[in-house]
J.: 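Got a structure here, written out as structure tokens. Questions coming.
Start at 1 and go down the list; that is how both ligands and their atoms are numbered. Count residues from 1 along the sequence. Both backbone and side-chain heavy atoms feed into the values below; hydrogens, waters and symmetry mates do not.
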Amino acid sequence: MDRVKVSILGSTGLVGQWMVKLLANHSFIEVIKLSASPGKVGRKYGEVVHWFLPGDVPEYARDLVLVSTDPSDHKDVDVVLSALPNDVANAVESKLLASGLNVISNASPERMNPRVPLINPEVNWNHLTVLREVKGNWLVKNPNCTAAIISMPLKPINELIRELHIVTLQSVSGAGYLGISYLAIDGNVIPFIKGEEEKIDAEINKMLGNQYVDHYVPWGKNVYVTTTRVPVKYGHMAVIHAVLNDSIDQKQIIERLRGFRSFPQEQELPTAPREPIKVLDRVDAPQPMRDLDPMAVSVGRVLVRNNILRMVVLGDNLVRGAAGITILTLETMKALKIL
Ligand SMILES: N[C@@H](CC=O)C(=O)O
């Protein structure tokens with residue numbers, strides 16, 4: 001397959017808009033359908049979308065007439081990309097799968113299904129290869145945005161880790177455009193995000209484990225997580241303390257993080273960052289306002305003391321954590337000849 005035709009579900013939402021933007025002028029992925037909620041179906045994308053990203057609505061998308069999520073509206077696409085909210089995704093995606101369509105989805109239902117690969121391409125691209133043994137169509141899931149960001153710097157050091165203690169500082173955009181009121185978050189920190197702590201623990205364990213066709217074997221490490229919502233627009237941060245198995249020099253950890261490259265980099269995939277983990281030497285890095293990169297993860301404050309590694313990790317929750325990871329997964333699947 002030379003070109004890959006896709007449709008985007010939830011195309012007017014925060015994550016959907018990023019998908020529309022990132023796929024403008026893509027070298028081999030072509031968006032042929034955009035879908036939105038029933039009230040918008042039949043109208044032009046450019047007239048309906050409340051565009052919030054820098055720049056204009058990409059030209060290719062402006063005149064596309066919005067379709068429904070019904071499988072009959074997607075029958076001529078190779079892959080459906082789903083940016084649907086969690087509460088509606090399951091019903092819609094199940095119908096698409098039942099009709100024989102392939103789906104890559106950002107929504108949380110089915111992430112822990114033992115047969116469904118949960119993919120952060122640099123971390124576990126090899127889990128996708130089980131799909132070669134699957135007859136018919138498939139579902140692939142993105143991890144939770146925070147799990148996507150945190151799993152990246154864990155990958156090159158995963159065998160050194162005995163257990164993890166994580167505190168997150170998650171931006172408001174993670175809750176969606178209408179997710180949290182200004183009065184609730186301005187000048188405030190909310191130390192609870194529903195369901196998030198369980199997801200991060202389970203998903204990191206799945207991605208760093210081994211995937212087989214009908215089951216997976218988790219990484220098997222204890223991951224203790226506290227999640228907080230902070231008054232920042234974009235970028236999720238995590239303070240990680242990793243208890244290590246052996247003593248290891250801080251410099252060796254930094255070398256491993258800086259030198260990390262994976263399949264997407266080797267294949268020079270269009271959406272892959274050249275340097276997936278940026279270790280920043282500045283004493284006050286990383287900061288969402290200064291250090292946010294769309295697809296790379298920024299790491300600072302690296303310190304090893306008494307066999308405990310501390311690092312602060314920052315990533316773009318809407319791009320690396322959602323829209324960009326979907327596209328990079330599709331590019332990885334094409335490079336693996338799964339499409
Ligand atoms: N569940 C996450 C979504 C990622 O952006 C959050 O609430 O921040």
Side-chain angles (χ1 to χ4, degrees), residues 8-22 52-53 81-90 93 104-112 118-121 123 141-152 166-182 184-186 188-207 223 225-240 286 288-289 291-298 312-329:
I8 301 174
L9 309 184
S11 63
T12 57
L14 281 179
V15 174
Q17 288 189 32
W18 264 113
M19 288 185 188
V20 168
K21 185 176 171 78
L22 293 170
F52 73 96
L53 300 182
L81 306 181
S82 171
L84 287 173
N86 293 337
D87 54 342
V88 296
N90 210 15
E93 291 171 10
I104 304 179
S105 164
N106 190 55
S108 61
E110 300 298 324
R111 280 190 190 140
M112 298 312 294
L118 179 70
I119 300 298
N120 190 8
V123 172
K141 284 276 166 173
N142 291 346
N144 164 285
C145 49
T146 314
I149 293 160
I150 294 172
S151 57
M152 187 82 98
I166 301 170
V167 178
T168 72
L169 299 89
Q170 300 183 211
S171 63
V172 173
S173 56
Y177 190 71
L178 298 173
I180 190 160
S181 86
Y182 180 80
I185 198 68
D186 187 39
N188 198 15
V189 173
I190 301 171
F192 175 69
I193 301 174
K194 193 163 183 256
E196 195 79 348
E197 293 165 2
E198 298 81 354
K199 284 181 195 167
I200 293 170
D201 173 9
E203 294 180 19
I204 284 178
N205 263 293
K206 185 172 184 184
M207 287 186 284
V223 181
V225 193
T226 305
T227 53
T228 76
R229 186 77 68 199
V230 296
V232 166
K233 280 190 200 163
Y234 304 111
H236 285 4
M237 194 180 263
V239 181
I240 300 179
M289 275 181 68
D291 303 311
L292 199 61
D293 182 285
M295 284 299 283
V297 167
S298 304
V312 180
V313 180
L314 170 73
D316 189 320
N317 52 304
L318 297 177
V319 184
R320 164 55 69 174
I325 202 174
T326 311
I327 295 164
L328 187 55
T329 296

J.: Closer than 4.0 angstrom, basic N to acidic O: yes or no for E93 and K141?
T.: yes
J.: At under 4.0 Å between heavy atoms, is it the side chain or the backbone of N144 that contacts ligand 1, or both, or neither?
T.: side chain
J.: Look at the rings of F52 and Y234 and say which category their plane angle falls in: under 30° parallel, 30 to 60° tilted, over 60° perpendicular.
T.: parallel
J.: What residue and atom, counting heavy atoms only, is the protein's closest point to atom 7 (O) of ligand 1, and at what distance?
T.: R229 NH2, 2.7 Å
J.: Could you list the atoms of ligand 1 found under 4.0 angstrom from a heavy atom of N317?
T.: 5 (O)
J.: Need the ligand 1 atom indices (1-based, order shown) with element for anything under 4.0 Å from a heavy-atom of I193.
T.: 7 (O)
J.: Looking at H236, which atoms of ligand 1 are within less than 4.0 Å of one of its heavy atoms?
T.: 4 (C), 5 (O), 6 (C), 8 (O)
J.: Are a donor atom and an acceptor atom from the side chains of S298 and D291 found within less than 3.5 Å of each other?
T.: no
J.: Do T329 and N142 pair up side chain to side chain, a donor and an acceptor below 3.5 Å, judged on atom types alone?
T.: no
J.: Measure from atom 5 (O) of ligand 1 to every heavy atom in G176, S108, C145 and give the option owning the shortest one.
T.: C145
J.: Just by distance, no angles: are the side chains of Q170 and N317 close enough, under 3.5 Å, to form a donor-acceptor pair?
T.: no
J.: When only distance counts, is E196 in polar contact with ligand 1, meaning an N/O pair under 3.5 Å?
T.: yes
J.: Judged by non-hydrogen atoms, does K199 sit under 4.0 Å from ligand 1?
T.: no
J.: Residues in salt bridge (Lys or Arg N to Asp or Glu O under 4.0 Å) with R320, at least two apart?
T.: E122
